[in-house]
Every structure is written in structure tokens, then in C-alpha cells.
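Down below is the structure, laid out as C-alpha cells.
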Protein chains: 2
Amino acid sequence: MADSKPRRGRPAGGRAVLTRERIVTAAVAMVEELGLDAVTMRGLARRLNVDTMSLYHHVDNRETLLNQVTEVVLANIELPPATGVFRDDVHAMAIAFRRVVLRYPHCAPLVLTRQLGSFTALAPVEAVLSIIRAAGFPPDRAVHVMRSVLAYLIGTLLREVSASPTFSGQNLGGVERRRTELTDSTLPHVAESAPYLAVCDHEEEFEFGLDLLITAVELQRQRQ
Amino acid sequence: MADSKPRRGRPAGGRAVLTRERIVTAAVAMVEELGLDAVTMRGLARRLNVDTMSLYHHVDNRETLLNQVTEVVLANIELPPATGVFRDDVHAMAIAFRRVVLRYPHCAPLVLTRQLGSFTALAPVEAVLSIIRAAGFPPDRAVHVMRSVLAYLIGTLLREVSASPTFSGQNLGGVERRRTELTDSTLPHVAESAPYLAVCDHEEEFEFGLDLLITAVELQRQRQ
DNA sequence: ACCTGAACACCGTTCAAGT
DNA sequence: ACCTGAACACCGTTCAAGT
């Protein structure tokens, strides 16, 4: 009983409890459970049953910890094998990217926003470049094409993960309210399209724009 | 001299010093000067020579204040007059959007990320829908097309405003270092495209992807 | 080498008190 | 009606001290 208050210093005789990996894994789980803003160094330490300051022996600071969170998510992309059919391969890559983003929706803003130069972050870039090069584009144009597709993916996925569930079609009362708001907006085209603006089938939307882009790229390849 | 310490309560006899508009305008300027994270309620109050808590009489909280910042920026889009030529009109709208985003680069993440349903936020939507409807698309497809273009714009502009100046081509030493990093990445296509991946002419990139999308949309209109 | 406590310099926001 | 001070419950991070 005399000894029950917390010790100071490293636990006697034990091996290191904390590792960078354990911290980052806990951070990913915590982001998904509580959201990005709710993940604090103090809260994360609490969850790991460790003093806040112990974290700083394994990670530099919160910002770089979030970079490492981003990397973990990125590493979970399951890169599909290439078939050689341009349209199919681009589509499969896009789907793989969407899948991992939707698997970690609260981490998604990190993945879609931070541009990292690490090997993990470059692996998907390599895969996409490979597909575009195989379609016959020279290296410089391949980069342009990749950046265009990537920009579209980032924009559409950012909308998807930050959209309210109402917008996706659940909660029909919300959709109804939204629709009448748009109808009453005094903006004629907004009013006219209100039923379509009030909801968003994210998958359909994703496929629509992706198809547009792929079609345009195929066309450009033929003409070149 | 006896009277020089700060008073409590509203300044005697004066009219209200603080207005919602004055606060929001100061917030926009402060975001651009110091960056988003550096804008705190306390700092903003200091800048306005006012007690922190006085702000709360005019704005609900920091989150909604940032929504109002977003609206101010959005209100500064100069919507171009339509010519009736689909390609030109979409292009002009995209350029107008890019211009306002680059005019407030530190506010840009707000504009590109928050989806607001206000009249100010719907005005550009109305303009884009009008262009697409004029090209002969029915209301439902017009919404799809708009969302595709918007997704692309958001993605490409988010990259542009958050890219380091090195990436844009300034600082040739940085570009050089980046290029050799990519070349040494052991990823063959990344290495091959290294000179193009190491830099980014944002305007050229913007135009490339936009042209792809517009071309694809024009094609779809003809086929339909 | 690794862990910890106290301390520093901040936050956003509530609430009662002033004029 | 509008402004303010003190107070509450938090932050990230430095630094010296422990084992």
C-alpha cells in the first residue's frame, strides 16, 4: 500500500513499453473514433496509460505524428494488378484509393491534403505513372495526366468524406428541407435542379467524373 | 492620471465600436497575414483593441466566424458574363474561381473545404449551372457535370495553395534536391519522370486538366 | 535510454458584473 | 445593448529530474 503511487522514471527492469509504432497505431484508431481535432497529445497519452511527455521520446511533435498517421493509411492501399487496359487500370487504381479513404474517413482529410515525399507516398504515384506510361504517354505528359486525375480524386473524395449523412440520402426529412431551401433560393437554375442538388450519391458521382476524365485522356492519346 | 486605467463596460456615451462586419473583415486580413492557425479569438480581439469576450456579442464562436470569413472570400468572385460558347464560359468561371482563391491563399483551404448553403455560396453554383444548362444538358446531368468540374477545381487549387514555393519553381536548389531524391527512389517510373515531378507550373497544370474535362463534357453533349 | 512531473505560455468559452 | 474581467477546462511543448 505504501508503494501504490505512480513511479517516476522507466518501469523497473521492464523493456520499453512505448514504441513509435504503438503510438502511431493508437493515433490512427483514436482519429477514427473521436475525430481529428479530438486527438491531443494528452488524450493519446492517457489512452496509452503513459505520461504525456513520454510520447515525445518517440515522436517529434503533433504535426509529424499526423504525418505518420497519414503514412499508415496510405500504406493500406491495395494496389491492384495492372491488366494493360488503360481504362480498367486507371479505374481500379481510383477505386483502390477511394476504398482506403472510406475505410479511414476521419483520417481522410490528412491523406487528401498533406503531400508527402516518402516512399510510402510515392508507391501509388509509381503505380499510376506506370499505367499512364503503358498507354503510350511520354513521361512529361504522364505527369500532367496523373496530376489531373489526382486532383479530381482529391476533390471528389474530400466532398464525400466531409458531407453530412443527410446529403448522402439517409435522413429523408433533411433532404426534403434542403430541397425546399434550394427551391426557394430565388436562383432559377439552382431551384430547377434542386431535387438533384439536395442529394448526392457519392459512388455514382465518383464514377461519373472519373469516366469523363478517362474518356478525355483516351481521346488525347489517340490524337497525339 | 487617476483615470488612465481601462474602464469596464461600454465606453461612455459612444456608439457601438464593434460590429460583426468589422470583426469578420479583420479576421480575413489576419488569416492572410498570419495564417489560419494563428488566428485566435484572443489575438483577433487584441488586434481590434477590444476585450476577447466582446467578440462573442457579435459572433457565435470561432467556427462560425470562419464560415463568415469563407463567405467574404466567396463574395469576391467576379462572375464573368456568359458568351454562350460552352468551353469559353466554363473556362472563364474556373479562372474567376482560381483568381479569388489565389487572392486569399491562406483563406483558400476554408473556401475549398467548407460547403456552405448560403446565398453567397450558391451564386457561383447558379452561374455554373446556367452555363451547363445553356449547353443543352438536362438538370440532373447538369448537376453531375458541375460536381465533376468542381471536384477537379478543388483538388487542383488545394494543391496549388498548399504547395511549397520550391515546388512552383522558385528556389532552384530545392528543385534540384527534390529531383535527385525522386531519381534515387528506386521506383522506376518515378525516377524516369523525376524532372517533371520535381516542379509544378500550377497554371499550366490547371489548364491541362480543365481542358481534359471540358473536352470530355463537350463530347458527351454531342453523343447524348 | 527511457519515462515523468512541474511549469510555461497559450487556447475557446461561460458567466456574472459593470455602464 | 454592449463591453469586460475573472475563471474554467483545456492545449502543445521545454526542461530538469528521476531510474
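Here the structure is a predicted model, which means the values were calculated and not measured. Residue numbers start from 1 in every chain, and the chains themselves are labelled A, B, ... in the order their sequence lines are given, proteins ahead of strands.
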How many whole angstroms separate atom [atom1] of [X] from atom [atom2] of [N]?
{"X": "A:Asp51", "N": "D:dC15", "atom1": "CG", "atom2": "C1'", "answer": "13 Å"}
{"X": "A:Tyr56", "N": "C:dC2", "atom1": "OH", "atom2": "C1'", "answer": "17 Å"}
{"X": "B:Leu44", "N": "C:dC11", "atom1": "CG", "atom2": "C1'", "answer": "14 Å"}
{"X": "A:Asp37", "N": "D:dA9", "atom1": "CG", "atom2": "P", "answer": "21 Å"}
{"X": "B:Arg46", "N": "C:dA9", "atom1": "CZ", "atom2": "C1'", "answer": "11 Å"}
{"X": "A:Leu18", "N": "D:dT19", "atom1": "CG", "atom2": "P", "answer": "20 Å"}
{"X": "A:Arg62", "N": "D:dT14", "atom1": "CZ", "atom2": "P", "answer": "15 Å"}
{"X": "B:Leu48", "N": "D:dC3", "atom1": "CG", "atom2": "C1'", "answer": "14 Å"}

Residue [X] excluded, over 12 heavy atoms near [atom1] under 6.0 Å:
{"X": "B:Gln170", "atom1": "CD", "result": "yes"}
{"X": "B:Glu203", "atom1": "CD", "result": "no"}
{"X": "B:Glu33", "atom1": "CD", "result": "yes"}

A:Arg147 to B:Phe208, cation-pi by 6.0 Å centre distance and 45° axis angle: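 The answer is no, since A:Arg147 fails at least one limit relative to B:Phe208.
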Runs of at least three Watson-Crick or G-U pairs with DNA chain D, cut-off 3.5 Å: C:4-8 with D:12-16, C:12-16 with D:4-8
Between C:dA9 and D:dA9 - P atom distance, rounded Å: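 D:dA9 and C:dA9 have their P atoms separated by 22 Å.
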Rounded distance in Å between the C1' positions of C:dC15 and D:dC3: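 Straight-line distance between the two C1' atoms is 14 Å.
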Any side-chain heavy-atom pair of B:Thr52 and B:Leu44 under 4.5 Å: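 Side chain of B:Thr52 against side chain of B:Leu44, heavy atoms only: no contact under 4.5 Å found.
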Side chain B:His57 and base D:dC3 donor-acceptor under 3.5 Å: yes
Nearest-nucleotide 5' precedence on DNA chain C, A:Leu55 against A:Arg42: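 Residue closer to the 5' terminus by nearest nucleotide: A:Leu55.
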Between B:Glu21 and B:His58: side-chain donor-acceptor atoms closer than 3.5 Å: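 B:Glu21 vs B:His58: no donor-acceptor pair found between side chains.
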Residue-phosphate contact under 4.0 Å: B:Ser54 side-chain N/O, D:dT4 OP1/OP2: yes
Phosphate contact (D:dA1 OP1 or OP2) by B:His58 side-chain N/O below 4.0 Å: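 B:His58 to D:dA1 OP1/OP2: no side-chain N or O under 4.0 Å.
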Aromatic ring pairing B:His202/B:Phe167, orientation class (parallel under 30°, perpendicular over 60°, tilted between):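 B:His202 and B:Phe167: perpendicular rings.
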Out of C:dC11, D:dG12, C:dT13, whichever nucleotide has its closest atom nearest the side chain of B:Asn61: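 Nearest nucleotide to the side chain: C:dT13.
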Sugar-phosphate, base or nothing in reach of A:Met53, heavy atoms under 4.0 Å: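 Base: the residue A:Met53, judged by heavy atoms under 4.0 Å, touches a nucleobase.
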